[in-house]
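Let me begin by presenting the structure, written as C-alpha cells, before commenting on it.
The chain is numbered in sequence order, starting from 1.
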Amino acid sequence: RNFMVPGVLGLILMIMTTVLASLGIVRERETGTMEQLIVTPIRPYQLIAGKLLPFVVIGLVDATFVITVARGWFGVPLRGSVALLYALCLAFMLNTLGIGLFVSTISRTQQQAMMTSLFFIMPQLVLSGFVFSIVCMPPFYKLVTHVIPIRYFFVIIRGIMLKGAGWPELWGQAAALLVLGTFILTLSVARFRK
C-alpha cells in the first residue's frame, strides 16, 4: 500500500495531463475554431499558455484528491513538505503537458491524439519503476529510464510522502525533471506553428 498508492498520483497526473493536453489543440483544429484563433493578434506562446493552464489546474486538483484519499482512506503518511510536493508536481506537469502538446502538433484527429498519447504513456509506465524495478532491468533499459520523467517523479513522491525527504535529498531528481520538461516543452512549442 505505501509503495503503490503514492505511485498512483504520478500515474494519474501523467495520464490526465498528457491526454487532455494532446486533445486541446486537436479539438480546435477538428471543430474549425483554430482558424479563428489564428486570425487573432495573440502570439503562439499565449495560445499555448491559454490551452495548457487549465490542465495545470486540473492536475493540481487531481493531486489534491489523490493525496487526500491516500491519507484518509489508505492511511499512507505524508511526512514531507506539502508545498514542495506541489512545486515538484508542477515540474512533473511541465513534462507531461509538453508531451501532450507535442502529440497535439503531430495528430490530426482526437482519436489519433488519444492513441498517440497512449503510445507515449505505455513505455513510460513500464520503464518508470512502477511495475518493474529499475535495478532488475537490463543495462540498456536502465539507460533508457533516464529520459523517462515519471521515473524521477516516483522517487520524489515516495521520498516526500514516506520518508519526509526535503529539497537537499530531492534536488537531483527535481533538476532532472526541470531539464527534461524544459527540453520537451521547448521542442513542442517549436513544433507548434500558428
Within a strict 4.5 Å, meaning less than it, do heavy atoms of the [X] and [Y] side chains meet?
X      : Y      : answer
Leu170 : Leu84  : yes
Met14  : Gln124 : yes
Leu47  : Thr40  : no
Pro6   : Val76  : yes
Ser188 : Val103 : no
Arg79  : Ile160 : no
Thr64  : Tyr86  : yes
Ile67  : Leu85  : yes

For residues [X] and [Y]: do they belong to one hydrophobic cluster (side chain heavy atoms under 4.5 Å, members Ile, Leu, Val, Met, Phe, Trp, Tyr)?
X      : Y      : value
Trp73  : Ile12  : yes
Phe132 : Phe140 : yes
Leu118 : Phe120 : no
Ile156 : Ile184 : no
Val61  : Val66  : no

Could you pull out the closest heavy-atom pair between [X] and [Y], with the gap in Å?
X      : Y      : result
Ala70  : Met161 : CB-CE, 4.2 Å
Val26  : Gln110 : CG1-N, 3.4 Å
Thr33  : Thr31  : OG1-OG1, 3.2 Å
Trp171 : Pro168 : CD1-O, 3.1 Å
Leu9   : Cys89  : CD2-SG, 4.5 Å
Phe92  : Leu13  : CE2-CB, 3.9 Å

Does [X], at its [atom1] atom, have more than 12 non-hydrogen atoms belonging to other residues, nucleotides or ligands within less than 6.0 Å?
X      : atom1 : result
Gln46  : CD    : yes
Lys163 : NZ    : no
Phe183 : CZ    : no
Met114 : CE    : no

Nearest 0.5 Å, please: how far is [atom2] in [Y] from [atom1] in [X]?
X      : Y      : atom1 : atom2 : value
Ile150 : Asn95  : CD1   : CG    : 10.0 Å
Leu97  : Thr18  : CG    : OG1   : 7.0 Å
Phe65  : Asp62  : CZ    : CG    : 8.5 Å
Ile58  : Thr17  : CD1   : OG1   : 10.0 Å
Leu20  : Arg27  : CG    : CZ    : 7.5 Å
Ile99  : Leu185 : CD1   : CG    : 10.5 Å

(request) Output yes when Glu30 and Arg108 qualify as a salt bridge under the 4.0 Å nitrogen-oxygen rule, no when they do not. (result)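 No salt bridge links Glu30 with Arg108.
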
Between the side chain of [X] and the main-chain N/O of [Y], is any donor-acceptor distance below 3.5 Å?
X      : Y      : result
Ser107 : Thr109 : no
Arg158 : Phe3   : yes
Lys51  : Ala21  : no
Thr116 : Ala113 : no

(message) One pair to check against side-chain contact (heavy atoms from CB on, under 4.5 Å): Leu125 and Leu11. What are the steps and the verdict?
(response) CA-CA 8 Å; Leu125 176 63; Leu11 293 180; 3.2 Å; yes

(message) So, using ring pair (Phe, Tyr, Trp, His ring centres under 6.0 Å) as the criterion, who are the partners of Tyr152 when residues are at least two apart?
(response) none

(request) Using only heavy-atom distances, determine whether the side chains of Ser22 and Ser117 contain a donor-acceptor pair under 3.5 Å. (result) yes

(message) Both conditions, 6.0 Å and 45 degrees, for the charged tip of Arg151 above the ring of Phe153: are they met here?
(response)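 No, a cation-pi geometry is absent between Arg151 and Phe153.
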
(message) Quick check on side chain to side chain contact (heavy atoms under 4.5 Å, CB included): which of Leu88, Val155, Leu178 does Gln173 satisfy it with?
(response)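 Option passing the side chain to side chain contact (heavy atoms under 4.5 Å, CB included) with Gln173: Val155.
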
